[in-house]
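Numbered from 1 within each chain, the chains take letters A, B, ... in sequence-line order.
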There are 2 protein chains.
Amino acid sequence: MPPETTQLLSETFKLLADPTRLAIVFACKEAPRPVGEIAGALDLSQSLVSHHLRLLRAGRLVAAERHGKHVLYRLNDAHIARVLTDMAEHVAEDHEEPHP
Amino acid sequence: MPPETTQLLSETFKLLADPTRLAIVFACKEAPRPVGEIAGALDLSQSLVSHHLRLLRAGRLVAAERHGKHVLYRLNDAHIARVLTDMAEHVAEDHEEPHP
DNA sequence: CCAATATATGAACACGTGTTCAAGTGAACA
DNA sequence: TGTTCACTTGAACACGTGTTCATATATTGG
């Protein structure tokens, strides 16, 4: 495992490591959504959502596409969706240790 | 998507969001390894590795098992391994935009 | 071209967290 | 039993980063 790969990987995980940003990612998981709609749905300022989307786009977790006045954001590829699903399943598993 | 789920998910991703910690996780991906061996392989202090493993264990990303003097650490479940694999594939994809 | 809507950007503040150094447990073997 | 090896824990420092407020860019309609 080369250190530069570890570095890049950790930076990508870092993008999912903030609750607000993660909520934004989930918000455009099913269908591409414009910034304002995401902000409205999550009750966040447009500015904040835009800042986060900028980072997410830089890390290639989401992709943007312009439609008239709106800019639609979507997940970048299937890997991301799978990572989200698998990690969601992980945390969904119950935390119980078997009772001795 | 309930906010508490988003919170928990982001905290889990946060554990993978540090290069050192991520390297430690990868170090015990194939086989369970004692702390000292991980520290040696990655050229980190035992203290630092132990601190990180504590967090990783709290987040149930790794599990510990005592073998005599040594404490062996391994990945907690298959979800984690899959998340690592998928994300590694994601970052491995080339960053090229199609040339217009 | 001007107004209006939608998104992006910049600066600055407040806060969490990775790291180190030092000292504390705990198991094993003589 | 006491010494040594393997690991854990605590305190303290330095640094990155999420958020807000204010301002800038871009695209459509009149």
If we only count heavy atoms from C-beta on, is the [X] to [Y] side-chain gap below 4.5 Å?
X       : Y       : result
A:Leu56 : A:His51 : no
B:Leu42 : B:Val49 : no
A:Tyr73 : A:Arg57 : yes

Nearest listed nucleotide, side chain of [X], among [options]:
X       : options                : result
A:Arg66 : C:dA27, D:dT27, C:dT9  : D:dT27
A:Ser47 : D:dG18, D:dA22, D:dT27 : D:dA22
A:Lys69 : C:dC21, D:dT27, D:dT8  : D:dT27
A:His70 : C:dA6, D:dT19, D:dG10  : C:dA6
B:His51 : C:dT19, C:dA11, D:dC7  : C:dT19

Modelled atom types, side-chain donor and acceptor of A:Glu37 and A:His70, under 3.5 Å: no
Distance, rounded to the nearest Å, where [X] contributes [atom1] and [N] contributes [atom2]:
X       : N      : atom1 : atom2 : value
B:Leu48 : C:dA22 : CG    : P     : 16 Å
A:Lys14 : C:dG16 : NZ    : P     : 17 Å
A:Gln7  : C:dG18 : CD    : P     : 13 Å
B:Leu44 : C:dG18 : CG    : C1'   : 12 Å
B:Glu65 : D:dC7  : CD    : C1'   : 16 Å
B:Ile24 : C:dG18 : CD1   : C1'   : 11 Å
B:Gln46 : D:dG10 : CD    : P     : 17 Å
B:Asp18 : C:dT19 : CG    : P     : 5 Å

Upstream residue (5' side of DNA chain D) when A:Gly68 and A:His52 are each assigned their closest nucleotide: A:His52
Touch class at under 4.0 angstrom, heavy-atom based, for A:Leu15 against every strand present: nothing
Sugar-phosphate, base or nothing in reach of A:Thr20, heavy atoms under 4.0 Å: sugar-phosphate
Under 3.5 Å: donor-acceptor pair, side chain of A:Arg33, backbone of A:Ala27: yes
Presence of A:Tyr73 side-chain N/O under 4.0 Å of C:dA8 phosphate oxygens OP1/OP2: yes
Phosphate-side-chain proximity, A:Arg21 and D:dG18, N/O vs OP1/OP2 below 4.0 Å: yes
